[in-house]
Amino acid sequence: MTASLRRTLSQRDLVLIVVGTVIGSGIFLTPGAVVRASGSGGVALLVWAIGGVLSLLGALTFAELGAAKPESGGLYAYLRDAFGPGVAFVFGWTMFLVIGSGALATLAAAFARYAAAFLPLSPWGAGTVSIAMIALVAALNIRGTRQSADVQGAATVLKAGVIVLLAVLLIATGAATAAGAASDPWWPESISIGTLSGALTGMIGVLWAYEGWQYVTFSAGETVDPQRTFARGIVIGTALLIGIYVLANAGYMSALGVDGVASSERVASDAAARVLGAWAGKLLAGIILVSILSAANGLMLTLPRLFYAMARDRIFFAKLADVHPRFGTPAAAILGTGAWASVLVLSGTFEQLLTYVVFMSWLWFALAAAAIFAYRRREPAAHRPFRTPGYPVTPALFIFAALVIVGNTIVAQPVQSLLGVGLAALGVPAYLVWRSRRAVSVEVTAPS
C-alpha cells in the first residue's frame, strides 16, 4: 500500500540524528592516523577544526536546499530537480548497491568485532551477530519513526556524553601522565610543502570521520515544520560535532602525549586505560558498541527514505514506495536496505567494494551542493525560509573540499577509482530499463 510518510521528527531529533549517525567508531580509532599525517599535535587539532568547519559549510548549503524542498530523498531530490532524473538515479543506485548499504554492513561487521571483546565468536558467530544487529535496527525502524528516533536520541546522548566526560577527565588528570611527553612535537619548527601536504592528508581522514551528517536530508519529508526546523537541526548537529571531536582529540593528547596518540591504533581505549585504569578500557568497548549501534540506527532511520523517494518516482523497485498501513514507515524500503546490507556482510566483499566507490559519495555531495546555484538562477524570487550565509562562497568552498577528496583518491588509487566509476556506470543501463518500464506503465494506464 503506497501512502505518504508521517511528519514526526522535531528539530531535536534532527540534531541527534546528525550527531548519532556521524559518531560511529571513527573518533575512537582514527586520531592516531591524523596525528601521524599532520606531524604535530597542534596541526592535527587545527585539521580537526578546519575539517569540521568545511563540513559546516556543507550543512549550511544543504540547510537552504532542505528548507526550500522539504521532501523525502534529500540529496536525491536536489540532484533530480537540478540535473535531471538520470543523474539522481545513478546517485541512488550507488547508494543502494554499495555506499549506503556498504556503510551499514561495515558498522555491522565492526559491531561483531567489538562484541568479541565480551564473548568469543567464531567467523560464523561473528556473521550471525552482524546480521542480528541489522535485523534489530530494521525491526525498530519498521515499528515506527518516532520510536526509532527516541532510541537514537537516547543512544546519542549516552555516547556523546561519555566522549565529552572522558575528554574532560583526560584533560584534567592527564597532564601529569603526559608530563614526560613535553618534548612531543606540538607545532612544526617551520611551515613547508611537506607540512601542508601532511595536513591535507590528515584533512582527508578527518572529513571521512565527519561524513554522515548529509544522511539527515533523506528524512526531510518526515520533519515537523521543516521550513523552520530542518536548517537549524542540520546546522546545530554539525556544529556540535566540531566541538565534540576537537575536545576528544585534546583529551587524547593530554593523556597520551602527541607521540602516544600517533603510535596508538585504539587511541580512546589506550587513553582511558592510561589515566583511569584497565577497567575504563573495557567500559569504553561497551560504549563503542552503543556508538556503532546508534550510527547503524541513524543510517536505517534515513537511508531507506532515499530508495522510497526513487520508487515514488517510479525509477526503482515499485514495492519500495509502500508505506506500512499501521506504522506509517517505509517498511519495504527498510527491509530491502537491511536485506542487501546483510548480503554484503555475508559476502565478505563489502569493504573492498566500499574502497572502490566510497570516494564517489563526495562527488555526489559536491553535485548536490552545486544544486543551490541552479535553484538560485532558475528561481531567483522563490521563497527561501533559510538562506545560506556567505553565499556563494560558502557552497563553493564546500564543493572545493569535496572535489579535493575525490581528486586525491583518484591520484592515490587510480585502479580502484576506475573500478568504482565502473560500478556506478552500471546505473546508466539500469536507469534506462526503469525509465522504459515507467513509460510503458504510463501508456497502459492512460485513458483511451
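We number each residue from 1, following the sequence as shown.
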Handout entry: W362 to A402 - nearest heavy-atom pair and separation
Key = O-CB, 3.5 Å
Handout entry: Residues in side-chain hydrogen bond (donor to acceptor under 3.5 Å, both in side chains) contact with E211, at least two apart in sequence or another chain
Key = none
Practice task
Please examine the side chains of L60 and F386, heavy atoms only from C-beta on, and report whether any two atoms are closer than 4.5 Å.
Solution key: yes
Practice task
Show your reasoning for whether side-chain contact (heavy atoms from CB on, under 4.5 Å) applies to F365 and V406.
Solution key: CA-CA 11 Å; F365 299 155; V406 174; over 6 Å; no
Practice task
Would you confirm whether T394, through its side chain, and P389, through its main-chain N or O, come within 3.5 Å as a donor-acceptor pair?
Solution key: yes
Handout entry: Interatomic distance, F398 atom CZ to I372 atom CD1 [nearest 0.5 angstrom]
Key = 11.5 Å
Practice task
Answer yes when R312 and E71 have at least one side-chain N-carboxylate O distance shorter than 4.0 Å, and no when they do not.
Solution key: no
Problem - Sole residue of I236, V216, I234 in side-chain contact (heavy atoms from CB on, under 4.5 Å) with V15 - result: I236
Practice task
Please confirm whether the backbone N or O of A108 pairs with a side-chain atom of S130, one donor and one acceptor, at under 3.5 Å?
Solution key: yes
Problem - Contact check, side chains of M253 and L45, non-hydrogen atoms, under 4.5 Å - result: yes
Handout entry: side-chain hydrogen bond (donor to acceptor under 3.5 Å, both in side chains) contacts touching residues 82-101 (sequence neighbours left out)
Key = T94-W364
Problem - Gap separating the CD1 atom of I287 from the CG atom of L166, nearest 0.5 angstrom - result: 10.0 Å
Exercise for the section: Check for a donor-acceptor pair, side chain of R36 on one end and backbone N or O of V261 on the other, with a separation under 3.5 Å. Expected result: no
Problem - Given Y308, F96, F91, the one that forms ring pair (Phe, Tyr, Trp, His ring centres under 6.0 Å) with F316 - result: F96
Problem - K159 side chain vs G20 backbone, donor-acceptor pair below 3.5 Å - result: yes
Practice task
In sequence, state the C-alpha distance, the side-chain angles, and the governing distance for Y215 and V18, and then conclude on side-chain contact (heavy atoms from CB on, under 4.5 Å).
Solution key: CA-CA 8 Å; Y215 282 88; V18 170; over 6 Å; no
Completion exercise
d(I23 CD1, W213 CH2) to nearest 0.5 Å is 15.5 Å
Exercise for the section: Carefully, step by step, assess L9 and V224 under the rule side-chain contact (heavy atoms from CB on, under 4.5 Å). Expected result: CA-CA 6 Å; L9 299 175; V224 177; 5.9 Å; no
Exercise for the section: Indicate yes or no for a side-chain donor-acceptor contact from K69 to the backbone of A77 under 3.5 Å, with no hydrogens or angles considered. Expected result: no
Handout entry: Residue pair L293 / L289, side-chain heavy-atom distance below 4.5 Å
Key = no
Handout entry: Within-4.5 Å side-chain heavy-atom neighbours: S40 and V258
Key = no
Handout entry: Test item: F307 and M95 side chains (from C-beta on) under 4.5 Å apart, heavy atoms
Key = yes
Handout entry: Reported CG-to-CG distance for the pair L423 and L418, which is rounded to 0.5 angstrom
Key = 10.0 Å
Below 3.5 Å, can you tabulate the donor-acceptor pairs from side chains in residues 135-146 to any protein atom, sequence neighbours excluded?
from : atom 1 : to   : atom 2 : distance (Å)
N141 : OD1    : S148 : OG     : 2.7
N141 : ND2    : V137 : O      : 2.7
N141 : ND2    : S148 : OG     : 3.4
N141 : ND2    : N297 : OD1    : 3.0
T145 : OG1    : E222 : OE2    : 3.0
T145 : OG1    : R305 : NH2    : 3.0
R146 : NE     : D150 : OD1    : 3.2
R146 : NH1    : T8   : O      : 2.9
R146 : NH1    : D13  : OD2    : 2.8
R146 : NH2    : D13  : OD1    : 2.8
R146 : NH2    : D13  : OD2    : 3.0
R146 : NH2    : D150 : OD1    : 2.9

Name each donor-acceptor pair under 3.5 Å that joins a side chain in residues 61-68 to protein atoms two or more places apart or in another chain, with its distance.
from : atom 1 : to   : atom 2 : distance (Å)
T61  : OG1    : L57  : O      : 2.9
E64  : OE1    : R376 : NH2    : 2.9
E64  : OE1    : T388 : N      : 2.8
E64  : OE1    : T388 : OG1    : 3.1
E64  : OE2    : R376 : NE     : 2.9
E64  : OE2    : R384 : NE     : 3.3

Exercise for the section: Compare all side-chain heavy atoms of F111 with those of T106 and state whether any distance is below 4.5 angstrom. Expected result: no
Practice task
Take the angle between the ring planes of W434 and F317 and call it parallel below 30°, perpendicular above 60°, tilted in between.
Solution key: perpendicular
Problem - Residue pair Y76 / D313, side-chain donor-acceptor N/O under 3.5 Å - result: yes
Problem - Exam field: side chain S264 to backbone R266, donor-acceptor pair closer than 3.5 Å - result: yes
Practice task
Say whether, by atom type as modelled, one donor and one acceptor occur between the side chain of Y375 and the main chain of Y78 under 3.5 angstrom.
Solution key: yes
Exercise for the section: Of all the heavy-atom pairs spanning N249 and P31, show the shortest one and how long it is. Expected result: OD1-CB, 3.1 Å
Exercise for the section: With sequence neighbours excluded, tell me which residues meet side-chain hydrogen bond (donor to acceptor under 3.5 Å, both in side chains) with R228. Expected result: D225
Fill in the blank from the handout: Contacts satisfying ring pair (Phe, Tyr, Trp, His ring centres under 6.0 Å) that involve residues 8-59 (not counting sequence neighbours) are W48-Y245
Exercise for the section: Find the distance between OG1 (T337) and CG (L104) and round it off to the nearest 0.5 Å. Expected result: 8.0 Å
Exercise for the section: Check whether more than 12 heavy atoms from other residues, nucleotides or ligands sit under 6.0 Å from atom CH2 of W340, and answer yes or no. Expected result: no
Exercise for the section: Kindly indicate, with the supporting measurements, whether the criterion side-chain contact (heavy atoms from CB on, under 4.5 Å) is fulfilled by L207 and S55. Expected result: CA-CA 7 Å; L207 288 174; S55 297; 3.9 Å; yes
Handout entry: Shortest non-hydrogen contact between A220 and P226, atoms and distance
Key = O-CB, 4.2 Å
Practice task
Evaluate the side-chain proximity of P330 to L5: yes if any heavy-atom separation is below 4.5 Å, no if none is.
Solution key: yes
Exercise for the section: Could you tell me which non-hydrogen atom of A368 sits nearest to which non-hydrogen atom of L75, and how far apart they are? Expected result: CB-CG, 3.8 Å
Problem - Check: L363 and I405 side chains under 4.5 Å, non-hydrogen atoms - result: no
Problem - Euclidean distance, L335 CG relative to M300 CE, rounded to 0.5 Å - result: 8.5 Å
Practice task
Please answer whether the main-chain N or O of V290 pairs with a side-chain N or O of S294 as donor and acceptor at a distance below 3.5 Å.
Solution key: no
Handout entry: side-chain contact (heavy atoms from CB on, under 4.5 Å) partner of S219, the single match among L303, T302, L306
Key = T302
Handout entry: Heavy-atom donor-acceptor pair, S291 side chain to G24 backbone, under 3.5 Å
Key = yes
Exercise for the section: Of all the heavy-atom pairs spanning L56 and V235, show the shortest one and how long it is. Expected result: CD1-O, 3.8 Å
